[in-house]
Amino acid sequence: MIKPDAVENGHIGGILDKITSAGFKIVAMKYTQLSRRDAQAFYAIHKERPFFGELVDFMTRGPIVSAILEKDNAVEDFRALIGATNPADAAEGTIRKLFATSIAENAVHGSDSDENAAIEGAFHFAGREIF
Ligand code: GDP
């Protein structure tokens with residue numbers, strides 16, 4: 001996902017350029033907005049964390065871009081491309097270093113395993129939307 005902060009700040013094009021330039025193929029993509037129910041379900045793993053309410057407020061406050069990306073070693077390579085959760089700790093040239101503003105508003109989400117990538121892909125897309 002390209003998160004609401006990055007959409008608000010006009011970074012959709014810049015982020016997609018970094019992604020495709022790094023060799024990822026976009027196999028599904030949409031411009032959409034999460035409901036509170038969507039965000040609570042997507043981030044259910046964090047529901048006991050103190051920032052859960054803030055996270056849901058943030059992720060629902062405006063539109064996002066969701067996408068499924070394909071590449072060899074995609075999960076690990078995408079995590080490297082986006083950088084650390086906190087942009088202050090992210091390596092130079094990473095998407096979060098370039099486009100994120102804080103640990104909360106960090107521009108992009110990337111799946112953390114192949115298993116979660118499959119679950120998250122099915123959360124956002126019907127089979128007929130995946131190419
Ligand atoms: P990620 O896998 O790098 O996205 O990081 P996590 O799974 O640890 O956290 C999920 C998301 O929760 C992050 O991308 C942030 O948007 C948000 N988040 C993480 N830590 C904090 C925090 O301390 N405060 C707030 N408000 N949000 C946070």
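The figures here come from the full heavy-atom set of this structure, side chains too, leaving out hydrogens, waters and symmetry mates.
The salt bridge (charged side-chain N to carboxylate O under 4.0 Å, His left out) search around Asp17 returns none, not counting sequence neighbours. Considering only residues two or more places apart in sequence or on other chains, Lys47 meets the salt bridge (charged side-chain N to carboxylate O under 4.0 Å, His left out) condition with none of them.
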What do the steps show when you test Lys71 against Lys25 for side-chain contact (heavy atoms from CB on, under 4.5 Å), and what is the final call?
CA-CA 7 Å; Lys71 184 182 180 297; Lys25 182 180 169 198; over 6 Å; no

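Taking 4.5 Å as the limit, every side-chain heavy atom of Val56 sits out of range of all side-chain heavy atoms of Tyr43.
Looking only at distances, a side-chain donor or acceptor of Arg96 sits under 3.5 Å from a matching main-chain atom of Asn106. Using modelled atom types, no side-chain atom of Asn9 and backbone atom of His11 make a donor-acceptor pair closer than 3.5 Å. Panel note: side chain Glu120, backbone Ala117; no donor-acceptor pair is recorded below 3.5 Å. Side-chain N or O atoms of Lys30 include one that pairs as donor or acceptor with a backbone N or O of His124 at under 3.5 Å.
The stretch residues 49-67 participates, sequence neighbours left out, in these side chain to side chain donor-acceptor pair (under 3.5 Å) pairs: Glu8-Arg61, Arg36-Asp57, His46-Arg49, Arg61-Glu105.
Ile103 forms part of no hydrophobic cluster, judged by ILVMFWY side-chain heavy-atom separations under 4.5 Å. Under the 4.5 angstrom side-chain criterion for Ile, Leu, Val, Met, Phe, Trp and Tyr, the cluster partners of Leu69 are Ile2, Val7, Ile12, Ile15, Leu16, Ile19, Phe24, Ile26, Met29, Tyr31, Val65, Phe78, Leu81, Ile82, Ile95, Leu98, Phe99, Val108. Members clustered with Phe131: none, using a 4.5 Å side-chain heavy-atom cutoff among hydrophobic residues.
Tracing side-chain contacts under 4.5 Å through hydrophobic residues (I, L, V, M, F, W, Y), one reaches Met59 starting from Phe123; they form part of the same cluster.
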